[in-house]
Amino acid sequence: MSHRYWLMKSEPDAFGIDDLEVSKNQTTHWEGVRNYQARNFMRDDMKPGDLIFFYHSNANPLAIVGTMKVASEPYPDPSQFDPNSKYFDEKATEENPRWYLVDVKLVEKFDKPVLRDDIKKEESLSDMLLIKRGSRLSIQPVQEHEWNRVMEMAHSA
DNA sequence: GCCAACGTTGGC
DNA sequence: GCCAACGTTGGC
């Protein structure tokens, strides 16, 4: 049973939805994930066309700011091989990569971001990993009903 | 800026 | 393979 909906975090100071909007083809390599669980989601479970919430962490406001879709098959994250990259991993080799990524493409930037505070108030979203205490996963699966509810909140007047 | 929660590393 | 020490995440 594979997931079709995801949530990915990024700090807008490093890379926010406005950066994605101006990227070539509004697409980017989601580089720099160095957590095995998050990597496994990208490497093993994501399929092209899967839909993704873009979440701004360490930001003001904390919010889901739009949607993206998976735009490639998984492939090794090139930054792990680059000694000049802050994501360089000396234990990774071309023959035996450690880190994988997918390309993501912007689908929609919300006119009205869905605030973390509002998600926390929403009974039907109480199981979202995002608001679970201590949850730090930077890539998370999202349930279909959670996806639908957040989309309603984003588009309500 | 603080710090709780979590993941990783490395000595044993 | 345990676990203490350390580094990071990320909300507050």
Side-chain angles (χ1 to χ4, degrees), chain A residues 2-3 5-23 28-46 50-70 74-104 106-143 145-147 149-154 156:
Chain A
S2 62
H3 295 280
Y5 302 101
W6 306 92
L7 179 145
M8 294 166 100
K9 301 179 185 175
S10 184
E11 303 191 13
D13 286 350
F15 187 87
I17 195 164
D18 292 335
D19 298 301
L20 180 57
E21 194 172 29
V22 300
S23 297
T28 193
H29 325 290
W30 200 263
E31 68 169 20
V33 169
R34 295 294 181 268
N35 169 283
Y36 289 107
Q37 218 178 332
R39 176 205 68 183
N40 291 347
F41 281 136
M42 288 198 287
R43 188 189 62 183
D44 304 335
D45 295 325
M46 284 190 178
D50 283 4
L51 294 169
I52 310 161
F53 285 136
F54 194 140
Y55 177 77
H56 279 177
S57 62
N58 270 321
N60 191 7
L62 294 167
I64 295 172
V65 293
T67 62
M68 311 180 281
K69 66 181 176 185
V70 178
Y75 60 96
D77 181 343
S79 65
Q80 69 193 303
F81 309 125
D82 176 2
N84 297 315
S85 169
K86 66 173 176 174
Y87 299 122
F88 178 64
D89 184 339
E90 61 181 7
K91 292 179 181 164
T93 63
E94 305 267 358
E95 300 74 33
N96 198 7
R98 275 187 151 186
W99 306 110
Y100 286 76
L101 54 65
V102 295
D103 292 351
V104 295
L106 181 67
V107 174
E108 177 189 8
K109 180 182 167 184
F110 292 154
D111 292 332
K112 193 185 70 156
V114 178
L115 302 178
R116 178 186 185 84
D117 283 346
D118 289 335
I119 292 171
K120 285 196 290 192
K121 289 180 203 154
E122 188 68 24
E123 179 68 25
S124 62
L125 298 178
S126 60
D127 284 337
M128 279 192 83
L129 289 173
L130 180 67
I131 55 171
K132 287 281 168 78
R133 179 178 158 83
S135 171
R136 304 189 328 192
L137 252 190
S138 63
I139 297 180
Q140 311 175 352
V142 170
Q143 296 186 55
H145 81 269
E146 295 166 344
W147 179 273
R149 182 68 193 118
V150 170
M151 292 299 278
E152 283 177 11
M153 293 165 72
S156 64

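Lettering of chains follows the sequences in order, A, B, ..., and the numbering in each one begins at 1.
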Can you tell me the distance, in whole Å, between the [atom1] atom of [X] and the [atom2] atom of [N]?
| X | N | atom1 | atom2 | answer |
| --- | --- | --- | --- | --- |
| A:N60 | C:dC12 | CG | P | 12 Å |
| A:L62 | C:dC12 | CG | P | 7 Å |
| A:H56 | C:dT9 | NE2 | P | 17 Å |
| A:L115 | C:dG11 | CG | C1' | 15 Å |
| A:L130 | C:dG10 | CG | P | 10 Å |
| A:D13 | C:dG11 | CG | P | 13 Å |
| A:R34 | B:dT9 | CZ | C1' | 17 Å |

Report, one pair per line, the protein and nucleotides 1-8 of chain C atoms (nitrogen or oxygen only) whose separation is under 3.5 Å.
unit_1 : atom_1 : unit_2 : atom_2 : d
C:dT8  : O2     : A:R136 : NH1    : 2.9

Ring centres of A:F54 and A:W6 under 6.0 Å apart?
no
Heavy atoms under 4.0 Å, any strand shown: does A:K132 hit a base, just sugar-phosphate, or nothing?
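The answer is nothing, as A:K132 stays clear of every strand by at least 4.0 Å.
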Kindly determine whether A:D18 and A:K109 satisfy side-chain contact (heavy atoms from CB on, under 4.5 Å), including the steps that lead there.
CA-CA 9 Å; A:D18 292 335; A:K109 180 182 167 184; 2.7 Å; yes
OP1 or OP2 of [N] less than 4.0 angstrom from a side-chain nitrogen or oxygen of [X], does that happen here?
| X | N | result |
| --- | --- | --- |
| A:Y55 | C:dG11 | yes |
| A:R116 | C:dC12 | yes |
| A:K9 | C:dG10 | yes |

Salt bridge check, A:R149 against A:E146: does any charged N sit closer than 4.0 Å to a carboxylate O?
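Between A:R149 and A:E146 there is no salt bridge, as every charged N stays at least 4.0 Å from the carboxylate O atoms.
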Of all pairs that satisfy salt bridge (Lys or Arg N to Asp or Glu O under 4.0 Å), the ones with a partner from residues 50-68 of chain A, not counting sequence neighbours
A:R4-A:D50
With sequence neighbours left out, which residue pairs that include part of residues 75-90 of chain A fulfil the salt bridge (Lys or Arg N to Asp or Glu O under 4.0 Å) condition?
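Passing the test, one end in residues 75-90 of chain A: A:R34-A:D77, A:D89-A:R98.
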Testing B:dG10, C:dG10, C:dC12 for proximity to the side chain of A:K91, the answer is B:dG10
Give the C-alpha distance, both sets of side-chain angles, the deciding distance and a yes or no for ring pair (Phe, Tyr, Trp, His ring centres under 6.0 Å) between A:Y75 and A:W99.
CA-CA 8 Å; A:Y75 60 96; A:W99 306 110; over 10 Å; no
Which residue lies toward the 5' end of DNA chain B, A:G134 or A:R98, if each is placed at its nearest nucleotide?
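Going by which nucleotide is closer to the 5' end, it is A:G134.
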Audit row: A:F110, A:T67, side-chain contact (heavy atoms from CB on, under 4.5 Å) steps and yes/no
CA-CA 8 Å; A:F110 292 154; A:T67 62; 3.8 Å; yes
